[in-house]
Amino acid sequence: MRLSKITRSLRRLSTHIFAIFLGVLLTVSTLRVLPSQAEPAPSSAKVGDAPELIAQRQSPATAAIGNNSFVTAAVNRVGTAVVRIDTERTITRRRVDPFMEDPFFRQFFGDGYSQQLPPEQLRGLGSGFIIDKSGLVLTNAHVVDKADKVTVRLKDGRTFEGKVQGIDEVTDLAVVKINAGKDLPVAPLGSSNAVQVGDWAIAVGNPLGFDNTVTLGIVSTLKRSSAQVGISDKRLDFIQTDAAINPGNSGGPLLNDRGEVIGINTAIRADAMGIGFAIPIDKAKAIATQLERDGKVAHPYLGVQMVTLTPELAKQNNSDPNSTFEIPEVNGVLVMRVIQNSPAAKAGIRRGDVILQIDGQAITNAEQLQNFVENTNLGQSLQVKVQRGSQTQQLSVRTAELQNASS
């Protein structure tokens, strides 16, 4: 009996010893395998290949931004040239007796029942950037338009009174001059023609009063027309970006990844969610030169309100029993309205005409027609082919200077 117990004890002991031996064996095998996973490349690889192998293991974000952010470098390159623009405007108001809103009472009593109210101060905020050491600042026209006082504040805290050198409402650009000596930082200007969809876009400015704010995104699309954006009184093709642009950003620079200005931010759509727009810098360069020299820019115009026409749209109109007139089922630009005493009116263009060609060049959409006219000279005679009903006519239209953005 005792011998049996000893035998069972020996069996248990041998089992424990075997388990311990197996555990040690597995541990040693694991220790021998783990270093092999971290060993360098085979001896056949060259020493110079090591950086390439390391780079391949970086995450996409690390590879794109790197240890030193390109955003930081870009902002440091242009940041001190970005300014804040504060404006003040005084408006006068009159309180009118409710009875005087009736034309009958005004006819007999005149306007003497209105009361002068105290003047009201309107304040505005925007951004801009210095483009010349002499103190020229480029910004949006709507930032400084009708302002009685313009104050320009540099990043280092210095403030200067700004004088508006020129405003162009059609392109929403303005040039402001400050007298701050010769030692001023200047923003490096790039080329918007070199910009591609997907490029980095860095917006710098003072959105909502938060000075020196930087947002990052990409270029979403190019040549977004002002008509598509919903501001038909402008003549622009915008850079669209998903970098955040809010009120106060207007007039500030949109940068590429090298810190060069590729556009001028403009907060033109209050309902824009996740998208913003910028005026291409190549367009701004030419306008700024004219504003500095002449204080304004002359824009040729024809004097028509128009929409792009396709055969499909014409068919929809013509099949509608309530349509006021029949439209030729062709590709072109439909004249919706002719401005009185405009070049188009004097040339005989009428509402319902379809513009097919200008100087022999086919016209297929409204943006194309607008750009064609914008690139002509004042007083230039254009041969316009229109279709009126089933007949085509050749009319000669001499361009004139656009007096305001609404016509």
Side-chain angles (χ1 to χ4, degrees), residues 101-104 169-170 172 220-238 240 268-275 277 299-376 381-400 402-407:
E101 294 181 1
D102 190 325
F104 174 80
E169 295 181 2
V170 176
D172 196 20
S220 305
T221 194
L222 298 170
K223 297 185 177 180
R224 180 71 74 192
S225 71
S226 53
Q228 291 174 318
V229 172
I231 47 172
S232 57
D233 60 335
K234 307 298 180 188
R235 294 185 180 181
L236 287 168
D237 289 330
F238 293 99
Q240 182 178 315
I268 53 176
R269 286 288 295 266
D271 60 342
M273 299 294 290
I275 58 173
F277 302 94
H299 295 276
Y301 88 120
L302 297 183
V304 297
Q305 294 180 352
M306 55 195 174
V307 295
T308 300
L309 179 67
T310 64
E312 292 74 23
L313 290 174
K315 288 178 182 178
Q316 291 179 17
N317 174 84
N318 297 339
S319 61
D320 184 353
N322 295 314
S323 176
T324 56
F325 55 88
E326 188 168 335
I327 302 174
E329 296 178 3
V330 295
N331 287 304
V333 174
L334 176 64
V335 176
M336 301 296 295
R337 178 171 172 259
V338 180
I339 308 299
Q340 289 187 355
N341 300 318
S342 67
K346 295 175 182 178
I349 294 179
R350 300 179 183 176
R351 176 172 178 257
D353 285 351
V354 179
I355 298 176
L356 304 175
Q357 294 181 3
I358 297 183
D359 285 352
Q361 179 177 329
I363 300 297
T364 58
N365 59 70
E367 289 78 16
Q368 181 189 9
L369 174 58
Q370 188 177 73
N371 291 335
F372 189 100
V373 175
E374 178 70 13
N375 292 324
T376 60
S381 181
L382 303 177
Q383 301 305 309
V384 180
K385 182 179 180 180
V386 303
Q387 183 165 341
R388 184 176 299 163
S390 59
Q391 304 294 321
T392 60
Q393 299 186 35
Q394 195 81 14
L395 303 174
S396 180
V397 184
R398 188 174 298 277
T399 63
L402 178 65
Q403 297 301 318
N404 58 71
S406 60
S407 61

Between Q361 and D359, is the side-chain contact (heavy atoms from CB on, under 4.5 Å) condition met? List the steps. CA-CA 6 Å; Q361 179 177 329; D359 285 352; 5.8 Å; no
What verdict does the side-chain contact (heavy atoms from CB on, under 4.5 Å) test give for Q370 and M306, after you've listed the backbone C-alpha separation in whole Å, the side-chain angles of each residue and the deciding distance to 0.1 Å? CA-CA 10 Å; Q370 188 177 73; M306 55 195 174; 4.2 Å; yes
Walk me through it: do V354 and V335 pass the test side-chain contact (heavy atoms from CB on, under 4.5 Å)? CA-CA 6 Å; V354 179; V335 176; over 6 Å; no
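Taking T221 as the reference, nothing meets the side-chain hydrogen bond (donor to acceptor under 3.5 Å, both in side chains) condition, with sequence neighbours excluded. Annotation: side chain to side chain contact (heavy atoms under 4.5 Å, CB included) contacts of L313 (sequence neighbours excluded): L309, T310, Q316. The side-chain hydrogen bond (donor to acceptor under 3.5 Å, both in side chains) check on Q383 picks up S396, with sequence neighbours excluded. For Q391, the side chain to side chain contact (heavy atoms under 4.5 Å, CB included) criterion is met by no residue, not counting sequence neighbours. Residues forming a side chain to side chain contact (heavy atoms under 4.5 Å, CB included) with N371 (at least two apart in sequence, or on another chain): D237. Remark: T364 pairs with Q368 by the side chain to side chain contact (heavy atoms under 4.5 Å, CB included) rule, at least two apart or across chains. Take Q387 and apply the side-chain hydrogen bond (donor to acceptor under 3.5 Å, both in side chains) test, not counting sequence neighbours, and it matches no residue.
Sorted by first then second residue, the salt bridge (charged side-chain N to carboxylate O under 4.0 Å, His left out) pairs that include residues 382-396, not counting sequence neighbours, are D353-R388. Residue pairs meeting the side-chain hydrogen bond (donor to acceptor under 3.5 Å, both in side chains) criterion with at least one member in residues 322-333, sequence neighbours excluded, are N317-S323, N318-E329. Counting only residues at least two apart or on different chains, no side-chain hydrogen bond (donor to acceptor under 3.5 Å, both in side chains) pair has a member in residues 338-350.
For the atom pair OG (S220) and CZ (F238), the distance works out to 14.5 Å, reported to the nearest 0.5 Å. To the nearest 0.5 Å, atom CZ of residue F372 and atom CD of residue E367 are 16.0 Å apart.
Of the possible donor and acceptor atoms, none in the side chain of R351 sits under 3.5 Å from a partner among the backbone N and O of R337.
In this structure, I363 and L356 have side chains that are not in contact, with every pair of non-hydrogen atoms separated by 4.5 Å or more.
Paired with L302 under the rule side chain to side chain contact (heavy atoms under 4.5 Å, CB included), one option of T376, V338, L382, I349 passes, and it is L382.
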